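What follows is a set of notes on a single structure, which appears directly below.
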Amino acid sequence: PYYYIFDYDLIKKYKIPDSLIPLNAVLINKEASPLEKYREIFIGVGVVMAFLIVVSIILIVDNLKRRAIQRELSESYKSLKKTNEDLSKTEDRLRTQYEVIEKSLKEVGILNQKYAIATEITNSAVWELDLDTKEVILSENFSLIANRIINEKETIDSILNLLTDIEHKKALIAEIEAYLAGGKQEINIQVPIKDENQQTKWLLIRGRAIARGDGRIKQIHGILMDTT
């Protein structure tokens, strides 16, 4: 192939336009521009700069993520710390309540023992009447007083029919109704009963009502004593 060779000094001397020089011509005595001279260096530096920029972006993103995770961990730690403090306070309250309940149970146990001794010595029993169901609950020692097997829970009609006559049954019911109507401060009446051997025993029956929060009377509690 043929090449055109020109002296660049002459081109500059005679001010020949570059447009007249063939594209594939070889120019002698022409100094290369810095861009052409250091082209490979610029490319290498550019590659390194691009790599450093990418690495910097990755490090910035990673740092932001780590800060976000640290904030979440800090918030979680504060929340767990508060929860632990609340649990500690709850545990203290529960321990105090347990101690109070344990003390109350001991006191109830002592009261039950005193109650058992008192009812045994006085030959008495405790009774409770539910005004809604008309059922009577009797303490265990009533069977000893009545000298017959009595269920701890019976309707008032069935237990009165079993133990006394119609006249005294009506008298006791009238006493209860008079008390509920406000005519008496308490139930206080003596009623005869028949034991298993048909022996007559006289019982002193006393009691008062316990009202609910709405003021309505639901139950009557009391004591009965063998006065024979």
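Everything numeric in this text was worked out from a predicted model, so none of it was measured.
For CD of Gln185, the number of neighbouring non-hydrogen atoms (other residues, nucleotides, ligands) closer than 6.0 Å is 12 at most. In Glu140, the CD atom is not crowded: 12 or fewer heavy atoms of neighbouring residues, nucleotides or ligands sit closer than 6.0 Å.
Remark: Ile57 pairs with Ile53, Val61 by the side chain to side chain contact (heavy atoms under 4.5 Å, CB included) rule, at least two apart or across chains. In this structure, the salt bridge (Lys or Arg N to Asp or Glu O under 4.0 Å) partners of Glu135, at least two apart in sequence or on a different chain, are Lys153. When the side chain to side chain contact (heavy atoms under 4.5 Å, CB included) test is applied to Val55, the partners found at least two apart in sequence or on another chain are Phe51, Leu59. Applying the side chain to side chain contact (heavy atoms under 4.5 Å, CB included) test to Thr228 and every residue at least two apart in sequence or in another chain returns Lys201, Trp202, Asp226. Remark: Ile60 engages Leu64 in a side chain to side chain contact (heavy atoms under 4.5 Å, CB included) (not counting sequence neighbours). Contacts of Arg39 classified as salt bridge (Lys or Arg N to Asp or Glu O under 4.0 Å), with partners at least two apart in sequence or in another chain: none.
Atoms NZ and CD1, from Lys134 and Ile173 in turn, are 9.0 Å apart once rounded to the nearest 0.5 Å. Between atom CD1 of residue Ile145 and atom CG of residue Asn123 there is a gap of 5.0 Å, rounded to the nearest 0.5 Å.
Screening residues 40-69 for salt bridge (Lys or Arg N to Asp or Glu O under 4.0 Å) gives Asp62-Arg66 as the qualifying pairs, with residues at least two apart or on separate chains. Note on residues 48-60: no pairs pass salt bridge (Lys or Arg N to Asp or Glu O under 4.0 Å), not counting sequence neighbours. For residues 87-97, the set of pairs meeting the side chain to side chain donor-acceptor pair (under 3.5 Å) definition, not counting sequence neighbours, comprises Thr90-Arg93, Glu91-Arg95, Asp92-Arg95.
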Pair up each side-chain donor or acceptor in residues 156-167 with any protein partner under 3.5 Å, not counting sequence neighbours, and list the distances.
residue	atom	partner	partner atom	Å
Ser158	OG	Glu154	OE1	3.3
Ser158	OG	Thr155	N	3.3
Ser158	OG	Thr155	O	2.9
Ser158	OG	Thr155	OG1	2.8
Asn161	OD1	Lys169	NZ	2.9
Asn161	ND2	Asp157	O	3.0
Thr164	OG1	Pro192	O	2.8
Asp165	OD1	Glu167	N	3.2
Asp165	OD1	His168	N	2.8
Asp165	OD1	His168	ND1	2.9
Asp165	OD2	His168	ND1	3.1

Tabulate below the donor-acceptor pairs under 3.5 Å that side-chain atoms of residues 70-82 make, not counting sequence neighbours, or state none.
residue	atom	partner	partner atom	Å
Ser76	OG	Glu72	O	2.9
Lys82	NZ	Asp86	OD2	3.3

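Residue Leu105 is found in a hydrophobic cluster whose other members, listed by chain and number, are Ile101; membership requires side-chain heavy atoms under 4.5 Å apart, directly or through intermediates.
Ile223 and Ser124 get closest at one heavy-atom pair: CD1-OG, 3.7 Å. Taking each heavy atom of Trp127 and Gly207 in turn, the nearest pair found is CZ2-CA, 3.9 Å.
Between the side chain of Glu186 and the backbone N or O of Arg206, no donor-acceptor pair lies under 3.5 Å.
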